[in-house]
Amino acid sequence: MENMDNAQLLGERRHRLSLIKKGIAHALFIGVVLVVLQGFYSLSLVGKITNSVANKSHFMYFTQMYLKFCVMILTGLLVAFYWIKIYIAKDARSLAPLTLLKNNLILIPFAFMLIWALISTIKSPFFEKSLYGAGYINEGYFTVLQYGIIFLSAYAVRNEVKFSKPLLLWTFIVSAGVICICFTLIEITGYKIPTAIKCGVFNNSNHYGYFLAMSCTATFAAVVFSKCRWQLTLASILLPFNVYELFVCNTLGANIAYMFGIFFIICSGAVTKKLSWWRLLIALGVSGLITLLIEVFGRTNMWSSYVEFFKDIKSVFSSGDGSGGGSGGDNSSAGTGRFGLWKRTVAVIKQVPWFGKGLDLYHANNIYDTTLDVAHNEYLTMASNIGIPGLLAYVATMIWWFVRAIRMRKLLKGADLALMAAAVAYLVSAMFGNSFTYTYPYFLVFFALSIQNFVWKKRSDKQIKDAGDVVDNSKSKS
């Protein structure tokens, strides 16, 4: 009798803790939503804030302050969430270390990157600047830790809150759509935007373009994969504004990223058999019509940028020296003006291949090439900041994420495919710019939410579900 009472008390305690954990998970979810809504914060502020390390002012720091407050909240909730989750599992004797390791094995390369970045920071010739951040991007090691918290928070709620994926996806789609409508109306009415409003995500056309590459791709995917009529209607209304803003933004890297995003949507939809061809034609028709109207009225020179870009690509391969052809050397345009910067950044990487030069030592802090501003390529930036091993860990994680998705293709839903497409669009746009502080948090959320759990072969659906995997037909037997 006493044993039954003890068991009942333990069961009630676990039930109370489970309710607390559920509440914390939903609070954590709200914190992630706040991160996704940072665009509104960037759009609403006027003024400057001083960076004490650099002793300079920059509009972008408002977004950084906003993210700092978000991360402070997320950190406390994340620690409480995992502490209760581990305690419940240990108390119920259901904590399987091997299962836990296999399900979260993909986090190991990220842990390696954080450690490697810390070593690079310690070895930096300007330790304080690499730790706190000091330049144009203002991305020191503390900012990298903020990214880690944002990623882990989204990663934690993806299976704890059932509606997390579609709700976060639509939060981004709607907020981005409203922002695009605002900027379109501002242009139509001729309203002069105060300079200080264009901060954070909207600091310049490049970073705004990378944001739009993700929003266009996510909205396009919503048109193709949405099952509800209201979702299709809403996405169809917002898509023209997204595409218009993307093309008049005149950022070639963002446009290329959108093309790759569409290609990913078509391929993933065909493989998972979730592709609606008539909806695809609607989305393609809207994008094509807006693009045609923009080109006809001469609102942008995107077509000439593509022509120039492919000319320089041809010149690079024909010359074999990576100079960018055309005007040659560092002055090559290549449609993006990037080839010369990339070549010079590779030269910096060759000087410090293992641990890099330290975080945030570009712009006015670059002692390896004082004339080099920023690399305008996130992957080269990563290699030059924390070394080639850090970059390889990052790329390996992306490949791992993609392979897992292929293995789980039969279980992927429309929201999964849309989140992955937006993440792919960002990864492509990162080839043409340094968009860490501006748009990187969006990518981290989409990437974390779309990571699929590990699936063991020869397991029943019930066992997979107990291991934490989301399976649609969990009640049916294999």
Side-chain angles (χ1 to χ4, degrees), residues 50-56 58 60-61 64-65 67-68 70-72 74-76 78-79 82 104-153 155 341 344-398 430 434-438 440-441 443-444:
T50 300
N51 181 318
S52 58
V53 177
N55 198 27
K56 295 179 181 179
H58 201 282
M60 184 188 67
Y61 297 151
Q64 294 170 350
M65 293 298 294
L67 286 177
K68 281 183 173 65
C70 288
V71 169
M72 289 170 62
L74 290 174
T75 301
L78 196 64
V79 171
Y82 274 110
N104 301 287
L105 206 60
I106 198 170
L107 299 181
I108 291 179
F110 276 114
F112 170 83
M113 286 179 62
L114 285 176
I115 296 172
W116 202 263
L118 178 59
I119 298 173
S120 300
T121 301
I122 294 172
K123 294 174 68 66
S124 169
F126 295 107
F127 171 75
E128 185 181 16
K129 290 181 178 180
S130 290
L131 184 65
Y132 295 106
Y136 164 58
I137 299 176
N138 196 38
E139 189 191 49
Y141 189 72
F142 284 158
T143 306
V144 173
L145 291 178
Q146 290 180 39
Y147 294 157
I149 295 297
I150 293 171
F151 170 79
L152 289 175
S153 299
Y155 182 83
L341 292 173
R344 292 161 64 189
T345 305
V346 170
V348 172
I349 295 171
K350 289 180 179 178
Q351 296 181 54
V352 280
W354 287 102
F355 294 101
K357 58 181 176 50
L359 291 164
D360 209 12
L361 293 188
Y362 273 118
H363 203 46
N365 308 309
N366 196 337
I367 64 173
Y368 296 94
D369 184 345
T370 55
T371 65
L372 183 60
D373 185 357
V374 290
H376 285 290
N377 182 301
E378 200 165 286
Y379 306 99
L380 292 178
T381 299
M382 194 173 296
S384 62
N385 282 352
I386 63 174
I388 295 176
L391 173 63
L392 292 178
Y394 185 74
V395 173
T397 307
M398 298 302 112
N434 303 91
S435 52
F436 285 119
T437 304
Y438 306 97
Y440 199 57
F443 163 72
L444 290 173

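- Not counting sequence neighbours, the partners of T397 by the side chain to side chain contact (heavy atoms under 4.5 Å, CB included) test are I106, P109, F110, F447.
- What you find for P353 and P389 is that their closest heavy atoms are O-CD, 3.7 Å.
- Residue pairs meeting the side chain to side chain donor-acceptor pair (under 3.5 Å) criterion with at least one member in residues 109-127, sequence neighbours excluded, are S124-S130.
- Applying the side chain to side chain donor-acceptor pair (under 3.5 Å) test to pairs two or more places apart or on separate chains, those with a residue in residues 387-396 are Y394-Y440.
- The 12-atom threshold is exceeded at CE of M398, counting heavy atoms of other residues, nucleotides or ligands nearer than 6.0 Å.
- Contact annotation: the side chain of I122 never approaches that of F355 to less than 4.5 Å [non-hydrogen atoms, C-beta and beyond].
- The two residues D360 and K129 make their nearest non-hydrogen contact at CB-O, 4.3 Å.
- Here the straight-line distance linking atom CD1 of I388 with atom NZ of K350 works out to 10.0 Å at 0.5 Å rounding.
- Using a 4.5 Å heavy-atom threshold, the side chains of T381 and T345 count as separate.
- A search for ring pair (Phe, Tyr, Trp, His ring centres under 6.0 Å) contacts involving F142 returns Y132, not counting sequence neighbours.
- Of the options V144, L114, L359, V352, a side-chain contact (heavy atoms from CB on, under 4.5 Å) to I386 is made by L359 and by none of the others.
- Contact between P125 and K357 at its shortest, heavy atoms only, is CD-O, 3.4 Å.
- In this view, Y141 satisfies the ring pair (Phe, Tyr, Trp, His ring centres under 6.0 Å) rule with no residue, not counting sequence neighbours.
- Here the CG-CE distance, from N377 to M382, works out to 10.0 Å after rounding to the nearest 0.5 Å.
- Taking OH of Y147 as the reference point, atom OG1 of T143 lies at 6.0 Å (rounded to 0.5 Å).
- Applying the side chain to side chain contact (heavy atoms under 4.5 Å, CB included) rule to L152 yields the partners L78, L107; only residues at least two apart in sequence or on another chain are considered.
- Taken to the nearest 0.5 Å, the CD1 atom of I149 stands 8.0 Å off from the CG atom of L74.
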